[in-house]
Amino acid sequence: MTRTVLAADFGGTHLRAAMVDESGRVLAREERPTPAEATAAIVTDGIISLLRSVGPVEGAGPEAVCIATAGLVDADAGRVILAPNIPGFRNLPLTGPVAEALGMPAFIENDASAAALGEFRFGAGRGMRHLLHATLGTGIGGGLVIDRRLYRGAKGLAGEIGHIVVDPSGPRCNCGSRGCLEAVVSGVAFAHRARRLIAKGRAPLLATIAAGREPAGHDLLAAAQQGETAAEAEIRNGGHMLGLGLGSLVNVLNPDAVTLSGGLLGMGEMLLGPMREAISSLAYGPASGTRVLLSELGDDAGLLGAAAVAFERLEDAGRMG
Ligand SMILES: [Zn+2]
């Protein structure tokens with residue numbers, strides 16, 4: 001009989017939950033819009049009721065539950081410290097109420113760290129020993145699998161690759177620093193780049209595409225694909241900066257592979273070509289052979305990441321018990 005866990009992925013727009021087996025198969029799933037401007041109690045109740053609606057409760061059911069969420073998480077204490085998308089999530093003890101309501105061990109994890117472990121267990125990083133995973137979306141996140149285990153660091157912050165500085169004189173980041181990877185190459189950063197191009201009058205096509213509204217990263221891509229060289233140069237520069245960040249990390253960590261997920265992958269070779277070139281140009285010694293792979297988990301990356309964390313936690317408990 002295959003073992004199963006419950007997994008939840010708390011995103012900015014949707015709360016998703018699933019029952020997942022050891023091979024990464026999703027056996028049942030449910031989804032709801034993320035409650036807007038909800039209190040901590042409403043959010044917690046919403047998660048519990050969604051998780052309840054997923055799985056059959058009779059028989060040999062799921063053995064644990066893990067919730068992946070954006071933001072700062074104290075995974076060992078089961079507490080969400082700060083979640084930018086969900087104001088109700090602030091110093092919120094989450095796992096206690098969930099464990100009590102569902103009658104099984106409950107865990108939380110930062111979504112990018114969970115994604116790293118999901119990729120290692122079920123996706124492009126299968127069979128590897130050390131993995132660096134980067135989530136390239138509205139923001140930039142990351143996770144580390146070292147010696148086949150999720151690495152959390154001293155305070156659970158490990159893997160926050162969006163806040164390594166690649167351009168000290170670059171744009172201001174949400175974290176207060178200047179020129180962080182996330183401030184230079186991310187969905188938000190590309191929207192800034194697009195705005196700047198339009199303001200300087202250097203991208204007439206882009207201005208037409210985004211007429212009457214704030215430009216977004218996908219407008220920059222559309223303009224570049226239609227031949228606007230200034231737009232293409234911004235994307236290629238973003239890819240180069242991303243490669244500088246990832247290449248530096250590759251030299252420190254010497255992973256078997258770097259895996260990538262997230263919406264920015266839609267920019268394709270325009271972003272990824274310069275990124276690969278920068279990674280290779282930085283590679284020190286044997287790091288030049290480090291593979292760069294795209295996620296194989298698609299839309300289920302968050303759910304499978306949470307499930308992977310639940311299975312690792314169960315295995316750790318088994319080893320101790
Ligand atoms: Zn930052």
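Numbering of ligands and ligand atoms starts at 1, following listing order. Predicted, not measured: the structure shown is a model, and the values here were computed from it.
Every pair tested for side chain to side chain donor-acceptor pair (under 3.5 Å) that includes a residue from residues 244-255 fails, sequence neighbours excluded, so the list is empty.
Here R3 pairs with E63 in a salt bridge; the nearest charged N to carboxylate O distance falls below 4.0 Å. Using a 4.0 Å cut-off between charged side-chain N and carboxylate O, E109 and R152 make a salt bridge.
Distance alone, capped at 3.5 Å, places no donor-acceptor pair between the R148 side chain and the G127 backbone.
Around the Zn ion (ligand 1), the protein atoms of type N, O or S that sit closer than 2.8 Å are H163 ND1, C173 SG, C175 SG, C180 SG.
In this structure, a donor-acceptor pair under 3.5 Å is present between the side chains of S295 and E119.
With I279 as the partner, the side-chain contact (heavy atoms from CB on, under 4.5 Å) test is satisfied by one option alone out of L246, L249, T290, L244: L246.
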